[in-house]
Amino acid sequence: MSPLPSNLPSTYSSIVLRERPKAEILPSLTDGKGTFSLVENQPLPTQLKPDQVLVKVEWVSVDPAQRGWLNDARSYVPPVKIGEIMRAGGVGRVVLAPEGSKFKVGDWVNGTLGWTEFAVARAKDLEKVTITKDIEPSYYLGALGMPMQTAYWGLMDVARIKKGERVVISGAAGAVGSIACQIALLKGCEVIAIAGGKEKCEWLRNEIGVPSVVDYKDPVFATNYKKLLGKTGTDVYFDNVGGEILDLVLTRLNKNARVALCGAISAYNTPNPRGLSNYLTLISQRAKIEGFIVFDYADRYDEASRQVGEWISQGKLKIRETRRYGLTEAVNALRGLFEGANSGKMVVKIAADGPKL
Ligand code: NDP
């Protein structure tokens with residue numbers, strides 16, 4: 001194994017889960033009262049198993065799903081354990097690799113690296129990624145990563161959108177939603193976007209090119225939504241938020257409509273999420289409602305990456321990110337998702353002023 005590059009520090013910091021939140025995530029990191037704790041001065045590993053590499057984490061993801069991983073509940077992945085580094089997607093550079101590893105020092109990699117400055121990872125759990133002047137590392141956490149895959153497969157396989165159909169998308173200015181709007185437009189659908197606040201709605205209308213956008217924070221949102229739809233309902237609803245908005249959209253479904261249940265961020269901080277009142281329209285409209293988890297499409301990721309990569313390089317798909325800087329900012333960045341603090345993908349750069357390779 002080659003020695004560690006001499007310009008790396010001898011210790012590193014990570015954020016670990018301290019206590020499971022009952023509702024909102026509590027932000028403090030150092031007084032023993034928050035959801036997470038900052039663990040500092042951990043010695044940097046210098047010995048690795050043959051199948052491992054050491055990665056200097058450059059960017060980490062914050063995602064609404066992380067709130068669910070904090071609950072001690074049955075789900076599609078086990079909960080994060082108390083004392084464990086907070087699970088998160090990340091992009092970084094290999095700084096130590098054993099002889100014979102498929103990676104070499106300096107390679108950019110993407111994987112579940114966690115909220116940490118350095119991560120020991122199994123080489124088989126990492127994907128080598130290419131960085132160019134147009135493709136920045138953080139894109140692999142959003143427009144070229146899991147949120148894009150979610151938008152793509154939710155529309156193409158769960159909702160099975162067809163040219164000319166009307167597609168309503170909530171959480172439309174977020175990581176998944178903003179890509180979903182653009183894919184549906186590129187596929188020739190009529191898109192109606194739902195987002196919170198004037199700035200996000202204007203961005204969707206003026207820059208993303210969604211002709212019909214409704215602000216759910218407007219007190220007359222329900223009236224505006226129904227007026228916009230007119231006598232025709234929707235063929236597809238791509239739901240990122242659940243709750244009252246889902247219930248409203250259910251009142252205006254077309255025959256054979258498909259509702260792709262992607263997420264329900266309005267309910268994640270609530271111990272007792274509300275149920276639906278308007279589900280009987282599913283019967284009268286012969287409609288389907290179906291939940292999905294993006295990881296089930298892992299063996300088809302290449303297909304979506306190729307198609308979306310092409311759209312990005314042709315300038316047909318726009319990328320927006322909200323960036324925060326510093327490992328400890330990850331907690332507030334995650335809290336911010338529940339307050340609409342992000343447009344596009346929320347990402348955190350770990351070591352804005354940290355050591356460079
Ligand atoms: P976003 O980037 O969209 O961030 C969250 C956004 O949700 C906020 O910016 C905010 O936008 C909106 N929001 C927050 N609280 C509420 C609320 N109470 N009511 C309505 N909107 C709210 O997150 P992602 O794009 O990463 O994720 C979107 C959804 O997709 C989430 O529910 C997530 O869990 C789900 N998801 C599901 C996956 C799957 O495999 N099924 C995979 C990835 C994500 P605004 O300002 O407009 O309110």
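Order of appearance sets the numbers: ligands from 1, and atoms from 1 within every ligand. Any value given below was found using the heavy atoms of this structure, including those in side chains, with hydrogens, waters and symmetry copies removed.
The closest donor-acceptor contact from the side chain of Arg320 to the backbone of Lys318 lies at 3.5 Å or more, if one exists at all. With hydrogens and angles disregarded, no donor-acceptor distance shorter than 3.5 Å links the side chain of Asn110 to the backbone of Glu127. Remark: side-chain polar atoms of Lys200 are paired, donor with acceptor, to backbone N or O of Asn342 under 3.5 angstrom. A donor-acceptor pair is defined here as one N or O able to donate and one able to accept, closer than 3.5 Å; such a pair exists between the side chain of Thr35 and the backbone of Leu26. Between the Thr132 side chain and the Asp134 main chain, a donor and an acceptor come within less than 3.5 Å of each other. Judged by distance alone, the side chain of Glu117 and the main-chain N or O of Ser13 form a donor-acceptor pair under 3.5 Å. Although no hydrogens or angles enter the test, the distance criterion places no donor-acceptor pair under 3.5 Å between the side chain of Arg166 and the main chain of Val236.
Side-chain atoms of Lys345 and Ser61 include a donor-acceptor pair closer than 3.5 Å.
Between Phe36 and Trp115, the distance from one ring center to the other falls under 6.0 angstrom.
When the heavy-atom distances from atom 21 (N) of ligand 1 to Phe295, Trp153, Tyr216 are ranked, the shortest goes to Tyr216. By heavy-atom distance, the residue among Pro64, Cys201, Ser170, Gly243 lying nearest atom 27 (O) of ligand 1 is Pro64. For atom 36 (N) of ligand 1, the choice among Cys262, Gly344, Ser61 with the nearest heavy atom turns out to be Cys262.
Ligand 1 lies within reach of Lys200, whose nearest heavy atom is under 4.0 Å from it. Residue contacts with ligand 1: Ala195 is included, with a non-hydrogen atom under 4.0 Å away. For the ligand labelled ligand 1, residue Ala264 lies inside the 4.0 Å heavy-atom shell. Not a single heavy atom of Lys345 sits closer than 4.0 Å to an atom of ligand 1.
Using a 4.5 Å heavy-atom cutoff, the side chains of Ile25 and Leu334 are in contact.
Annotation for ligand 1: atoms under 4.0 Å from non-hydrogen atoms of Ile293 are 40 (O). Counting atoms of ligand 1 from 1 in the listed order, those under 4.0 Å from a heavy atom of Ala175 are 1 (P), 2 (O), 3 (O), 25 (O), 26 (O). If you number the atoms of ligand 1 from 1 as listed, the ones under 4.0 Å from a heavy atom of Met146 come out as 42 (C), 43 (C). Atoms of ligand 1 lying under 4.0 Å from any heavy atom of Tyr268, numbered from 1 in the order shown and given with element: 32 (O), 33 (C), 34 (O). Residue contact check: Phe292 has heavy atoms under 4.0 Å from atoms 39 (C), 40 (O), 41 (N) of ligand 1. Near Gly263, meaning under 4.0 Å from any of its heavy atoms, are these atoms of ligand 1: 32 (O), 35 (C). For ligand 1, the atoms closer than 4.0 angstrom to any heavy atom of Ile265 are 5 (C), 7 (O), 13 (N), 14 (C), 15 (N), 16 (C), 22 (C), 32 (O). For ligand 1, the atoms lying closer than 4.0 Å to a non-hydrogen atom of Ser266 are 17 (C), 18 (N), 19 (N).
From the protein, the heavy atom lying nearest to atom 8 (C) of ligand 1 is Leu337 O, 3.1 Å. Of the protein's non-hydrogen atoms, the one nearest atom 3 (O) of ligand 1 is Gly174 CA, 3.1 Å. Protein heavy atom in closest approach to atom 30 (O) of ligand 1: Asn240 OD1, 3.2 Å. Nearest to atom 2 (O) of ligand 1 among the protein's heavy atoms is Asn342 ND2, 2.7 Å.
With salt bridges taken as basic N to acidic carboxylate O contacts below 4.0 Å, none links Arg306 and Glu310.
For ligand 1, none of its N or O atoms has an N or O atom of Thr150 under 3.5 Å away. Some N or O of Val294 is nearer than 3.5 Å to an N or O of ligand 1, by distance alone. Residue contacts with ligand 1: Val176 is placed with a nitrogen or oxygen under 3.5 Å of a nitrogen or oxygen of the ligand (distance criterion only).
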Checking salt bridge (Lys or Arg N to Asp or Glu O under 4.0 Å) for the pair Lys162/Asp235: CA distance, chi angles, key distance, verdict? CA-CA 9 Å; Lys162 292 192 272 301; Asp235 302 300; over 6 Å; no
Carefully, step by step, assess Lys128 and Asp107 under the rule salt bridge (Lys or Arg N to Asp or Glu O under 4.0 Å). CA-CA 7 Å; Lys128 185 171 168 174; Asp107 281 349; 3.5 Å; yes
